[in-house]
Amino acid sequence: MNHKLEGGSVTLREIKYKLSLKIKTAKEHLNIEVTGGYSSDLLSDVMANAKKGNIWITVQSHPNIVAVASLLELSAVIVTGGKKIEKETLSRAEREDITIFDTTDSTFNIVGKLYKMGVIGG
Amino acid sequence: MIKPYVADLHIHTVLSPCAEIEMTPKLIIDKALSKQIDILAITDHNSAENVKAVIKAATGKKVKIFPGIEVETREEVHIICIFDDPEKTLELQKMIYRNLPNIKNKEEIFGAQLVVNSKGEFIRKNERLLLTATSLSIEDVVKKVKELDGICYPAHIDRPSYSIISNLGFIPPQLNFLAIEISSKADIYDILLNHEELKNYTIISSGDAHRLSELSTRTVFWIEKPTLDELKLAFLNKNGRKVSLKKHRKEKT
């Protein structure tokens with residue numbers, strides 16, 4: 001069943017619900033609407049190509065992901081593959097108000113599911 | 001008295017699968033002597049199993065060998081780690097081996113990983129693939145090297161792969177690296193124009209030599225004697241010690 005409202009944008013809440021993500025930080029931002037998605041594990045590549053409001057899917061969990069998300073004003077980061085996220089990353093994300101989700105699902109599956117929901121790249 | 005010492009602190013031996021078969025202890029030292037290099041660091045990928053052989057081969061020669069390892073962190077960043085004692089290097093190797101996935105090397109794809117003696121004679125093969133990421137974070141590596149009184153710094157930061165800048169966007173300042181390494185062909189001003197934040201780091205340039213012709217003479221340490229403590233002082237630009245960098249010159253062949 002498709003709960004997506006006609007013409008409505010996809011919010012972090014809908015993504016969290018449909019992808020069964022665990023939210024790790026900045027839990028008060030579930031109303032944020034995502035503008036699209038980007039997936040890469042090279043932070044320099046993300047810095048060059050992700051756009052404001054995008055949701056970013058990566059296996060990286062280094063504290064630098066927070067800086068990149070904050071710099072680009074991304075809507076959230078999904079850390080895939082069940083990677084244990086470093087403590088420093090989580091505390092920095094709380095400080096900088098960056099929402100981080102994690103999941104044991106793979107990047108491939110998460111991106112596929114997002115695409116199906118209407119979250120696209122570019 | 002402070003004197004100039006030409007140094008290349010990033011050299012691979014035949015233990016690194018990607019290195020040429022000519023990278024044996026004796027040939028590396030002969031090449032260093034012929035290029036008037038005074039200091040070398042042996043830094044194979046995730047392993048130090050040839051460092052003692054190279055140190056032994058340099059006995060009585062006018063070249064100082066520092067044992068080291070080029071560690072690949074879980075962020076796929078290469079970090080050069082150098083020590084004053086092979087035992088400390090093997091201590092780091094132990095930690096790496098505990099955190100390296102157990103994948104068998106496929107020689108036809110990656111090349112052979114050869115452990116040799118000081119004469120370059122074959123002892124055995126390291127069967128475990130060294131050319132892959134450990135599960136150690138950069139922070140884990142920096143902490144361990146500090147415990148062992150070693151030096152570590154990010155390798156070839158100008159490269160599009162396996163570099164701290166390409167993979168992590170920028171150098172996490174809290175790591176307090178004493179230096180950063182650029183490739184032997186990199187133009188330092190080109191790098192500083194693109195990354196102004198690097199201007200406060202001591203910059204060295206190393207050969208990352210996988211073949212003899214790649215040994216680099218660009219980096220000069222102005223130090224009293226070739227010890228690790230002196231290298232540290234030069235990185236810190238203290239007590240008159242310093243590092244200077246020559247322009248890249250193509251080797252005449």
Side-chain angles (χ1 to χ4, degrees), chain A residues 24-25 37-96 98 100 102-104 106-108, chain B residues 71-79 95 98-101 103 132-144 146 152-177 180-183 186 190-198 201:
Chain A
K24 308 294 284 184
T25 61
Y38 196 78
S39 177
S40 174
D41 302 318
L42 277 182
L43 274 69
S44 58
D45 173 61
V46 178
M47 284 164 85
N49 296 303
K51 301 202 171 63
K52 185 175 170 176
N54 280 183
I55 190 162
W56 170 26
I57 300 89
T58 181
V59 296
Q60 290 268 22
S61 59
H62 191 275
N64 276 19
I65 66 173
V66 178
V68 170
S70 164
L71 176 80
L72 299 173
E73 298 178 48
L74 302 181
S75 49
V77 184
I78 304 178
V79 178
T80 59
K83 295 277 178 318
K84 193 175 179 306
I85 303 175
E86 280 125 273
K87 248 211 235 132
E88 171 65 19
T89 307
L90 296 175
S91 59
R92 202 180 289 188
E94 276 306 349
R95 264 198 323 271
E96 306 222 358
I98 297 293
I100 295 182
D102 81 348
T103 175
T104 51
S106 68
T107 294
F108 188 90
Chain B
V71 184
E72 184 170 337
T73 69
R74 70 160 168 248
E75 299 89 357
E76 297 191 5
V77 169
H78 285 186
I79 305 285
M95 184 194 192
R98 280 199 303 271
N99 290 281
L100 189 67
I103 303 169
T132 189
T134 62
S135 56
L136 299 166
S137 70
I138 299 180
E139 282 79 1
D140 294 335
V141 174
V142 168
K143 193 167 156 244
K144 184 69 179 177
K146 202 172 269 176
C152 70
Y153 50 86
H156 39 62
I157 57 117
D158 52 299
R159 288 238 311 256
S161 55
Y162 300 121
S163 117
I164 195 164
I165 292 182
S166 71
N167 294 20
L168 286 181
F170 61 93
I171 301 178
Q174 70 274 16
L175 292 176
N176 292 317
F177 286 117
I180 52 177
E181 180 203 281
I182 61 173
S183 311
D190 199 29
I191 292 167
L192 289 175
L193 279 173
N194 287 306
H195 296 279
E196 217 211 322
E197 74 278 8
L198 300 180
Y201 285 98

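The sequence lines fix the lettering, A, B, ..., with proteins before strands; numbering per chain opens at 1. Bear in mind that the values here come from a model prediction, so they are computed numbers and not experimental data.
Residue E196(B) places its CD atom among 12 or fewer non-hydrogen atoms of other residues, nucleotides or ligands, all under 6.0 Å distant.
G169(B) and M47(A) get closest at one heavy-atom pair: CA-SD, 3.4 Å.
If you take CG on N167(B) and OG on S40(A), they are separated by 9.0 Å, rounding to the nearest 0.5 Å. Separation of atoms OG (S135(B)) and NZ (K84(A)) is listed at 12.5 Å; rounding is to 0.5 Å. Taking CZ of R74(B) as the start and NE2 of H62(A) as the end, the distance is 8.5 Å to the nearest 0.5 Å.
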Test side chain to side chain contact (heavy atoms under 4.5 Å, CB included) applied to E75(B) and L43(A), step by step: CA-CA 10 Å; E75(B) 299 89 357; L43(A) 274 69; over 6 Å; no
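Of the atoms belonging to I165(B), it is backbone heavy atoms, and not side-chain ones, that fall under 4.5 Å from chain A. Both the backbone and the side chain of S166(B) come within contact range of chain A, each with at least one heavy atom under 4.5 Å from a heavy atom of that chain. Using a 4.5 Å cut-off between heavy atoms, E76(B) makes no contact with chain A at all. If you measure heavy-atom distances from E86(A) to chain B, the contacts under 4.5 Å come from the side chain alone.
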